[in-house]
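Residue numbers start from 1 in every chain, and the chains themselves are labelled A, B, ... in the order their sequence lines are given, proteins ahead of strands.
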There are 2 protein chains.
Amino acid sequence: MAHRTTVYDVAERAGVSIATVSHTFRQPERVRPETRELVLAAARALGYVPSGSARGLAKGRSQALGLYAFDMFLPSDVNAPALSLDDLVRRELDGRGDARRFPLYVDEIQHGFEIEARRLGRTVMLGAGASRDSLGSIDLAGSVDGLAIFPGSAGRDLLEHVGRGVPVVIFSSPPAHDPMHHITVANEPAVRELVDHLVGHHGHRSVAFLGELAAPDIGARFRGFQAALAAHGLPVSAEPFDATAMTQDSLRPLRAAIAAGDLPRALVCATDQLALAVLDLLARHGLRVPEDVAVTGFDGIVAGRLSEPSLTTIRQPFASMGRLAVRILTDTIAGREHPRSYVLPTRLVLGGSCGCG
Amino acid sequence: MAHRTTVYDVAERAGVSIATVSHTFRQPERVRPETRELVLAAARALGYVPSGSARGLAKGRSQALGLYAFDMFLPSDVNAPALSLDDLVRRELDGRGDARRFPLYVDEIQHGFEIEARRLGRTVMLGAGASRDSLGSIDLAGSVDGLAIFPGSAGRDLLEHVGRGVPVVIFSSPPAHDPMHHITVANEPAVRELVDHLVGHHGHRSVAFLGELAAPDIGARFRGFQAALAAHGLPVSAEPFDATAMTQDSLRPLRAAIAAGDLPRALVCATDQLALAVLDLLARHGLRVPEDVAVTGFDGIVAGRLSEPSLTTIRQPFASMGRLAVRILTDTIAGREHPRSYVLPTRLVLGGSCGCG
DNA sequence: TTGTAGGCGTTATCAA
DNA sequence: TTGATAACGCCTACAA
């Protein structure tokens, strides 16, 4: 690729001005048919493809929407040393590697985002990074007309900074006093319904909550859990039973409880991913679900349907959340107002892990 | 957003030239610490975010890789009239809509593509469209440093046109005399292994192939099927038993065979999606799988593990294909040569639909 | 209907 | 170490 073909090349070859070339592509009816053919022929002959950058610069908009994820959600394979192609293929065919964990909830939101963007004729730019303040997300922000992000290591300041340039939507993060648009679900009522089921239907009296309060939505879920216990006249714990969740010392309190033989009768996990990890752990210790312990999740990811037993969980409308984000962004770009906060409903899905299904 | 903040604004506020602003961001060590702080403070105060378009234009590269899909792979929801948010959410929570069909094989390839792009510090641009010759894909090509595409309605001429500007990788399309890079799997041996299993292990003598030869890879699968039958001394059909596959008159020959009561003993479907549709159809007609008919797929998509019975299929290393595409593109961009064609291995996965698992 | 010319925001070259 | 200034490729009034 020696020299990229430009309007100048096409213009020269067609014997017209660069303006005519541009017109031919942007307002074909404005140019005489014969001239148009001339230009198109030249463009074809030269392999002309308009530069997106130049176009974006000239028009001030790129027609792209961005979706940004922080490392928090990236499969470990991202940071792993580069594997050879052979190794990659072998791992995948063996059913190892992160293909196993696909799709996560972020992928489901992303899918909805893509669908809606296509429907509205916009391209999607995907970015990712670890940086809590650095340029990671910022440079994506400079290339899109609107940006949606997953909650993560980004500092509020960064987000506000970015938000001054383009509209921003953030998922699963409670509304705050910021200029961003928030999309969340009704976490508290959802967990209450779940606990009602465990206590009311199954009659469990010893129910515990597992999850790290670090993630923004988890706090709301825990509050819903506490409220539900209180409503049933059960003792309310001030903190999650196991807050180590998915960190290094993963599930240590849970392992301790198993060893001590005083496991709660039901474990309400803050996310499906966590619940699946718990199922694994329990299985390794020879504990049966749901006979010995009931386990529930939150999210409704695909893997939860594939597990044994399948997961009782709260299904979130992930794809709709992604689609809504696109609508908010395109509307905002077009100057139409949108509420700063959307709270979507969820649904209790009964599986085998609580004793139903 | 009145006026986008530019280097000029930052430069003025910091009392330096625009060159210094640029240097501060691109080569911080080249600028005196005090000056740097001055610039950064100004940038922060003004909410400065560098324009991706301007950067791309000036540097001649965007650091983005493109992934293009044709309508062929898009969920029907893309073309459906816009649903209200409430309807979208309701459908999704009810388990209807296309969330059910996610992820398809394209999504798995895309996932691998994204993972590898992140690893290599590149952003991903997603595009889609129906146009068989139009600008749909071309404009994406003008915005990226490299492009990967799914086979579809794109004419060879379009692809060649695009290929003159940026390196192009195409999936699941047999190598041809073009300048593109091709990534495929060993279709023929895979199907042979599958047929060997059906004939050798299960003893089926009446085996038929379902699939439309339109898609590029399917032809190879059918040839593998024919070769396998021949090797077993079974009669070889010149054409697929049911070539209507997923089109309008979907599975009509199959329905006819059911009505006539002369269904083959085993149905080898060209893809998992097709096999799942066949499972549905058979169930509606009260036929049991695998007792009455054995069914197999090809791809190894997630939905095939969720079906009842689970699908016996040929697993493709989709994520690895996506990752390989990124490697080919980045290498080619960097001037490193790559083979024009990669043929990856597959694996036979036994499920309940053939009578195993 | 076609052409001229200015501007979009950065980067890079070369001086100062 | 910092600053002019010329690209980069396209779009779009405005003129011809």
Taken to the nearest whole Å, CZ/A:Phe25 to P/D:dG9 is 16 Å

Sorted by chain and number, sequence neighbours left out, side-chain contact (heavy atoms from CB on, under 4.5 Å) with A:Glu337 holds for none

Between B:Gly15 and A:Ser51, who's closer to the 5' end of DNA chain D by nearest nucleotide?
-> B:Gly15

So OG of A:Ser320 and OH of A:Tyr342: to nearest 0.5 Å the spacing works out to 13.0 Å

Heavy atoms under 4.0 Å, any strand shown: does A:Ser22 hit a base, just sugar-phosphate, or nothing?
-> base

Within a strict 4.5 Å, meaning less than it, do heavy atoms of the A:Glu114 and B:Gln110 side chains meet?
-> yes

Residue met sooner reading DNA chain C from 5', once A:Ile18 and A:Val31 are mapped to nucleotides | A:Val31

DNA chain C contacts among residues 53-66 of chain A, heavy-atom distance under 4.0 Å | A:Leu57, A:Ala58

Heavy-atom nearest pair, B:Val39 first then B:Phe25, reads CG1-CE1, 4.5 Å

Taking any atom under 4.0 angstrom from a heavy atom of chain A, which nucleotides of DNA chain C are the first and last to qualify, 5' to 3'?
-> C:dT1 to C:dG9

Taking side-chain contact (heavy atoms from CB on, under 4.5 Å) as the test, write out the residues that go with B:Ser22, two or more places apart.
-> B:Arg26

Where is the tightest heavy-atom contact between B:Arg119 and B:Arg327, given as atom of each residue plus distance?
-> NH2-NH2, 3.9 Å

Nearest non-hydrogen partners of B:Ala128 and A:Arg118, listed with the distance | CB-NE, 3.4 Å

Contacts of B:Ile333 meeting side-chain contact (heavy atoms from CB on, under 4.5 Å) (sequence neighbours excluded), chain-then-number -> B:Leu65, B:Arg122, B:Asp145, B:Pro167

Is the side chain of B:Thr184 donor-acceptor paired with the backbone N or O of B:Ser172 at a distance under 3.5 Å, no angle test?
-> no

Apply salt bridge (charged side-chain N to carboxylate O under 4.0 Å, His left out) to B:Asp107 and list each qualifying residue two or more places apart in sequence or on a separate chain.
-> none

Using a cut-off of strictly less than 4.0 Å, decide whether B:Ser17 has a side-chain nitrogen or oxygen near OP1 or OP2 of D:dG3.
-> yes

Carefully, step by step, assess A:Leu85 and B:Leu344 under the rule side chain to side chain contact (heavy atoms under 4.5 Å, CB included).
-> CA-CA 9 Å; A:Leu85 177 61; B:Leu344 304 184; 4.0 Å; yes

Residues that A:Ser143 engages under side-chain contact (heavy atoms from CB on, under 4.5 Å), provided they are two or more places apart = A:Met125

If you restrict it to nitrogen or oxygen atoms, what contacts under 3.5 Å exist between nucleotides 13-16 of chain D and the protein, and what is each distance?
none

Would you say A:Tyr48 reaches D:dC10's phosphate, i.e. side-chain N/O to OP1/OP2 under 4.0 Å?
-> yes

Is the number of heavy atoms from other residues, nucleotides or ligands under 6.0 Å of B:Glu12 CD greater than 12?
-> no

Phosphate contact (D:dT1 OP1 or OP2) by B:Arg32 side-chain N/O below 4.0 Å | no

Atom pairs and distances, donor-acceptor, side-chain atoms in residues 49-56 of chain A, under 3.5 Å, two or more places apart:
from: A:Ser51; atom 1: OG; to: A:Ser53; atom 2: N; distance (Å): 3.3
from: A:Ser51; atom 1: OG; to: A:Ala54; atom 2: N; distance (Å): 3.0

side-chain N/O B:Thr20 vs D:dG3 OP1/OP2, d < 4.0 Å = yes

Check A:Leu158, A:Leu140, A:Leu159 against A:Ile149 for a side-chain contact (heavy atoms from CB on, under 4.5 Å) and give me the one that passes.
-> A:Leu159

Within residues 33-47 of chain A: residues closer than 4.0 Å to DNA chain C (heavy atoms) | A:Thr35

Axial bend angle, the helix from C:dT1-D:dA16 to C:dA16-D:dT1: five-pair end segments, nearest 10° = 30°

Just call it for B:Val16: base, sugar-phosphate, or nothing, with non-hydrogen atoms closer than 4.0 Å on any strand.
-> sugar-phosphate

Name all residues meeting the ring pair (Phe, Tyr, Trp, His ring centres under 6.0 Å) criterion together with A:Phe113; count only those two or more places apart in sequence or in a different chain, and write none if there are none.
-> none

